Amino acid sequence: MPELPEVESIRRKLVPMVAGRRIRDVSAVARNYAFLSDPGIIRKKLSGGTVEAIERRGKYLLLRLKQRGALLIHLGMTGQIFSHAYEPDKHVHMTLVFAGLRHPVYFRDPRKFGKLLWLDPGEEYTEPRLTKLGHDALSFSAEYLGKACRNRSVAIKSLLLNQSVLAGAGNIYADEALFTARIRPTRRARTLNSKETGALTKALRNVLERAVKLGGSSINDYIHPDGSEGYFQIEHKVYGREGAPCLTCATAIKRSVIGQRSAHYCPRCQR
DNA sequence: CCGACATCCTGGGTGC
DNA sequence: TGCACCCAGGATGTCG
């Protein structure tokens, strides 16, 4: 589900809810595909701990507990974090009860592509899931992207989705940024000139900043922890618009598959 | 090292 | 209503 703007929106809603609060109780279901750490370990490490901060690393959230370490959370395709806005069901894997917070906080994920991993102090510096991440997709330079494109024959769309290059970009925002930069998603990365990598850098930053401002794109399973919604889906120019007229030239938007992911683009505007 | 591909899992939508 | 099939915001491991 969530890309950088969605994860950041969730983080921003979560901070005022739980920062500084003590975790009174933790319950978790039996270990399943989403648990990289044993649920019992997570329960033990979290119980009684106090939330020091919630950070975002690409699409990961880091729930930092004072003195103890941190819970690394990835929401995969369908992961959600919410409180009383929704009823918990069989897809809830973990429930956190906070001191001074009337309602519990739930981690729910029907497809279980999300991840929960406990990190002892210091492990965040050695955990490959974190150390392999590239520059944050909200703050990278055109030079960095240009270097990353050098000698790479992979499609630029796939390169943008590679988290070890840019941490946080995902399918929606990669398509939207490529449209704005007028670059076709199938172009091999090494064929982009510096003007194009510059335009793409600017386009990705702009689209992500705008999406964060609007609270992300509320489609399918995406929800905010407090039940509110994001509005960036209203501004999607290509994603999910196959067959619809390009907003610039009215040509029908095309959908194709690149690197096993759907890609949406205007065959006329994007070269 | 690079890139293509299968795989993990569940639910919603569509067409027969 | 049932069923087969396709699709989905992600990431990893394997293989050539």
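Below, read A as the first sequence line, B as the second, and so on, with proteins coming before strands; counting in each chain starts at 1. Everything numeric here is computed off the predicted structure, so don't read it as measured data. Values reported hereafter were calculated over all heavy atoms of this structure, with side chains retained and with hydrogens, waters and symmetry mates removed.
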Value in whole Å for how far the P atom of dC6(C) lies from CE of Met77(A)
17 Å
How is the base pairing of DNA chain C summarised as a dot-bracket string, given the Watson-Crick and G-U wobble criteria with both distances under 3.5 Å, [ ] for crossing and | for another strand?
.|||||||.|||||||
All ring pair (Phe, Tyr, Trp, His ring centres under 6.0 Å) counterparts of Phe113(A), not counting sequence neighbours
none
Do any pairs count as a side chain to side chain donor-acceptor pair (under 3.5 Å) and have a residue in residues 34-47 of chain A, sequence neighbours left out, and if so which ones?
Lys45(A)-Asp120(A)
Salt bridge (Lys or Arg N to Asp or Glu O under 4.0 Å) against Glu209(A), all qualifying residues, sequence neighbours excluded:
none
Does any pair with a residue in residues 163-196 of chain A pass ring-ring contact (aromatic ring centres under 6.0 Å, His included), and if so which ones, sequence neighbours excluded?
Tyr173(A)-Phe232(A)
Just call it for Lys59(A): base, sugar-phosphate, or nothing, with non-hydrogen atoms closer than 4.0 Å on any strand.
sugar-phosphate
Pairwise P distance, dC5(B) and dC7(C) [rounded to whole Å]:
16 Å
Which residues share a ring pair (Phe, Tyr, Trp, His ring centres under 6.0 Å) with Tyr106(A), sequence neighbours left out:
Phe82(A)
Checking Arg268(A) now: which residues fulfil side chain to side chain contact (heavy atoms under 4.5 Å, CB included) with it, not counting sequence neighbours?
Cys249(A), Thr251(A), Cys266(A), Arg271(A)
Please figure out whether Arg255(A) or Tyr60(A) has its closest DNA chain C nucleotide nearer the 5' end.
Arg255(A)
When we call it a touch if two heavy atoms are under 4.0 Å apart, what does Tyr173(A) touch: a base, just sugar-phosphate, or nothing?
nothing
Quick one: do Val238(A) and Ile156(A) end up in the same hydrophobic cluster if we chain Ile, Leu, Val, Met, Phe, Trp and Tyr together by side-chain heavy atoms under 4.5 Å apart?
no
Results of ring pair (Phe, Tyr, Trp, His ring centres under 6.0 Å) for Tyr239(A) - residues two or more places apart only
His236(A), His264(A)
Under a 4.0 Å heavy-atom criterion, the protein footprint on nucleotides 3-11 of chain B, written with B, S and -, is S-BB-BBBS
